[in-house]
Every structure is written in C-alpha cells, then in structure tokens.
Trainee: 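I am attaching a structure below and will ask some questions about it afterwards.
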Amino acid sequence: MIVNEAKAEVMPIPKKKNQTWSRVWYFRHAYLFMLPAVIWYLVFSYYPMYGVLIAFKDFKYNLGIMGSPWEGLRFFKQFLNDSNFYSVLKNTLSISGLKLLFGFPAPLVLALMLNAVMRSKIKRIFQTISYLPHFVSWVVVVTLMQKILSPNVGLVNDIREKMGLDSIFFMGMPSLFYPLVISSDIWKGIGWGSIIYLAALTNIDPHLYEAAEIDGAGRWSKLFKITLPTLVPTIGILLIFSLSGILNAGFDQIWLMQTPATLSVSEILDTYVLKTGIQQGQFAYSTAIGLFKSAISLILIITVNKIAKKVSDVSLW
C-alpha cells in the first residue's frame with residue numbers, strides 16, 4: 001500500500017479530455033468580444049492581400065487573377081524607370097518630412113501647455129476646442145479652406161481688397177501648397193495627438209516636482225529635468241511610428257487640395273496609384289507601386305526600431 005501510495009504521489013495527473021475546448025468555452029465571452037475585430041481584419045486586411053498577386057501578373061479581366069500570365073518584377077522595374085518616379089517620391093518625402101518636422105512636436109507642445117493650466121475648467125474647455133477639428137472630415141476642412149481663401153468671395157481676399165491689395169488664388173499657388181498642407185494638418189490633428197502625451201503626464205509622480213521645488217528648481221528646470229525625460233519612452237514610440245509611415249503623406253488631404261496648378265508639388269505615391277489604377281486602368285502597375293510602398297514602410301519600421309533600441313532602449317519589440 002505504501003508503494004502504491006508513493007507511486008500515486010509521483011504519477012502525473014492525467015490530462016482531461018477536450019481540455020482545450022473547455023478553456024475556449026470558459027473564455028467564450030472574451031472571444032465573442034474579439035470576434036468583430038477579428039472578422040474586420042480578415043475581411044478588410046488579410047483577404048485583400050490575395051490581390052497583391054496582380055503586381056506580379058499581366059492582369060486580364062477575362063482570365064482573372066490566377067489565370068493571368070506571370071510577369072515577375074516587370075512592373076516594379078517599370079515604376080523605377082518611370083519619368084514621374086523621382087518627382088512623386090520627392091513630393092511624398094517632402095510633405096511627410098515637413099509634417100514630421102512641424103506636426104510631430106505640436107501635440108507635445110500643446111500637451112505641456114495644457115498641463116501647465118491650473119484651473120481644471122479652463123483646461124477642459126481648451127481641450128475640447130482642440131479635439132473638435134479631429135472629428136471634422138477632410139472634405140469639410142478643405143471646403144472651408146477653399147471658401148475662406150477663394151479669390152472671388154473668400155474672406156482673406158476681401159480683407160486684402162479692403163487694404164488695396166490684389167486678390168491671390170492661394171489654393172492654386174505651388175509655393176503656398178506646402179504651408180497650407182502643414183498648417184491645416186496641424187490644426188486638425190494637434191488636439192487629438194496631445195491625448196497620449198496628456199495621459200503620460202498624469203503618470204508622473206507629483207512628489208518629483210515637490211522635491212525639485214524644495215531644491216529651488218524653477219518651471220523650466222522641472223520641464224527639462226523631470227517632465228521631458230519622463231516622456232522620452234512615449235515620444236520614442238510615436239516617433240518610430242511616424243518615421244516608419246513617412247511614405248504616407250496623407251491621401252485624403254492631398255487629393256482634395258490638389259489642383260492642376262499645384263500638380264508638380266502635390267503628386268504623391270497614393271494619388272499616383274489612384275490615377276494609374278482607377279483612372280487609367282493599369283491595375284497591375286498601380287498594385288506594384290502600392291506593394292513597393294508597403295515594402296519600404298516595413299523595412300523602415302524594422303530599421304528605425306532597431307536603431308531606437310540601440311540608442312535609447314525604446315522599441316516596439
């Protein structure tokens with residue numbers, strides 16, 4: 001009996017049958033909660049990846065995707081040799097770079113300013129005002145810009161005429177296209193982008209500021225010695241996302257603001273893909289351009305993440 005009892009103690013407990021399904025059933029509510037998001041990604045993110053094959057085929061309507069003949073890297077080479085390649089890439093990088101230079105620090109500055117406001121009521125009012133533009137579509141924003149900057153009935157040109165100056169077609173001037181794009185992008189996204197920084201600011205221990213005040217630190221000293229160093233991980237993660245998406249110049253905004261007069265500075269990868277694919281019917285060529293952009297973005301996010309991890313120990317993985 002002792003031997004048997006000893007053996008019974010060391011013998012492993014047998015696994016129950018259908019243990020996996022029992023666990024699935026136990027967490028069924030969590031899985032049901034996740035199901036809509038999983039379906040959305042399957043339908044709109046993974047299933048369309050089947051169409052990426054078009055980039056490597058000479059797509060024919062009557063043959064379908066699988067029946068169309070393979071062309072290899074023909075359309076990728078065609079894009080690299082395209083006369084519009086350098087101008088389109090330059091415009092994309094220029095707009096994205098300017099948005100990164102001026103638009104990236106804007107939410108941080110706003111968050112620091114709101115955090116310095118002591119009265120909670122005034123703080124909530126300014127927060128609400130800054131958040132509202134995010135919920136306005138680019139169609140409405142660009143329409144308002146066209147109305148305000150119109151050379152005929154626009155408010156700005158009316159003021160200029162009252163001052164004895166000539167009216168200007170702001171939306172049709174290539175030299176003003178980038179300033180209008182950057183300023184409207186900052187106005188629309190600065191409030192929403194500051195939410196993450198405000199959330200990070202609430203995690204800073206107030207005792208650090210009290211200790212700094214006892215040591216005689218002023219407002220600027222606390223900002224550079226406590227606040228900004230604490231926000232470095234948040235800034236690093238957001239910077240990685242911004243750098244990896246540098247080829248996304250903002251299709252909605254650029255497409256709506258684009259005019260024939262500003263085409264030389266406003267044609268970006270996304271608008272070029274739409275024109276070659278939908279308007280000109282070159283589906284294989286436009287798919288190759290889109291896949292080229294996605295591949296570059298993937299390489300960028302991996303590279304930037306590795307560099308950030310080595311430099312500041314901040315990384316996505």
Trainee: Of all heavy-atom pairs between L291 and A55, which one has the smallest distance, and what is that distance?
Mentor: CD2-CB, 4.2 Å
Trainee: Quick one: closest heavy-atom pair of F75 and K57, and the distance?
Mentor: CE1-O, 3.2 Å
Trainee: Is there a path from I254 to L144 through hydrophobic residues (I, L, V, M, F, W, Y) whose side chains come within less than 4.5 Å of each other?
Mentor: yes
Trainee: Looking only at atom types and distance, does a side-chain atom of K188 sit under 3.5 Å from a main-chain N or O of H134, one as donor and one as acceptor?
Mentor: yes
Trainee: Out of the candidates V88, T262, T92, N84, only one should pair with E267 under the side chain to side chain contact (heavy atoms under 4.5 Å, CB included) rule; please name it.
Mentor: V88
Trainee: Consider side chain to side chain contact (heavy atoms under 4.5 Å, CB included). Of L155, V156, N157, which one does I159 pass it with?
Mentor: L155
Trainee: Surrounding CH2 of W70 (heavy atoms of other residues, nucleotides or ligands, distance under 6.0 Å), is the total greater than 12?
Mentor: yes
Trainee: Between S194 and Y131, do the side chains contain a donor N or O and an acceptor N or O under 3.5 Å apart?
Mentor: no
Trainee: Linking I/L/V/M/F/W/Y whenever any side-chain heavy atoms sit under 4.5 Å apart, do M113 and I186 land together?
Mentor: no
Trainee: Where do I65 and G51 come nearest, in terms of heavy atoms and distance?
Mentor: CD1-CA, 4.3 Å
Trainee: Go through S297 and L247 one step at a time and tell me if the side-chain contact (heavy atoms from CB on, under 4.5 Å) criterion holds.
Mentor: CA-CA 7 Å; S297 299; L247 294 181; 4.3 Å; yes
Trainee: Take atom CZ of R28 as the centre, draw a 6.0 Å sphere, and report whether it contains more than 12 heavy atoms from other residues, nucleotides or ligands.
Mentor: yes
Trainee: Working note: S286 + V273, criterion side-chain contact (heavy atoms from CB on, under 4.5 Å); need CA distance, chi angles, decisive distance, verdict.
Mentor: CA-CA 5 Å; S286 61; V273 167; 4.0 Å; yes
Trainee: Evaluate the side-chain contact (heavy atoms from CB on, under 4.5 Å) criterion for residues Y47 and M49: first the C-alpha distance (whole Å), next the side-chain angles of each, then the deciding distance (0.1 Å), finally the verdict.
Mentor: CA-CA 5 Å; Y47 178 71; M49 292 178 68; over 6 Å; no
Trainee: For a quick test of reading the model, state the closest non-hydrogen atom pair linking G277 to F283 and the distance between them.
Mentor: O-CE2, 3.3 Å
Trainee: Show the nearest heavy-atom pair for residues P133 and W187, with the distance to one decimal.
Mentor: CB-O, 3.5 Å
Trainee: So does L93 get a backbone contact from the side chain of S96, meaning a donor-acceptor N/O pair under 3.5 Å?
Mentor: no
Trainee: Please give me the minimum heavy-atom distance between K275 and L263, naming the atom from each residue.
Mentor: NZ-CD1, 3.3 Å
Trainee: Using modelled atom types and a 3.5 Å cut-off, is there a donor and acceptor pairing between side-chain atoms of S184 and backbone atoms of V181?
Mentor: yes
Trainee: Using a cut-off of 6.0 Å, state whether more than 12 heavy atoms not belonging to K60 lie near its atom NZ.
Mentor: no
Trainee: Please say whether more than 12 non-hydrogen atoms of neighbouring residues, nucleotides or ligands are located less than 6.0 Å from CZ in F102.
Mentor: no
Trainee: Run the side-chain contact (heavy atoms from CB on, under 4.5 Å) check on Y197 and L238 step by step: do they pass?
Mentor: CA-CA 10 Å; Y197 294 112; L238 294 177; 3.3 Å; yes
Trainee: Taking the six-membered ring where the residue is Trp, are the ring centres of F85 and F79 under 6.0 Å apart?
Mentor: yes
Trainee: Parallel, tilted or perpendicular: which one describes the rings of F224 and W220, with boundaries at 30° and 60°?
Mentor: parallel
Trainee: Can you spot which of K222, R219, K225 makes a salt bridge (charged side-chain N to carboxylate O under 4.0 Å, His left out) with E213?
Mentor: K222
Trainee: Please verify the inter-ring angle class for F135 with W192; under 30° counts as parallel, over 60° as perpendicular, anything in between as tilted.
Mentor: perpendicular
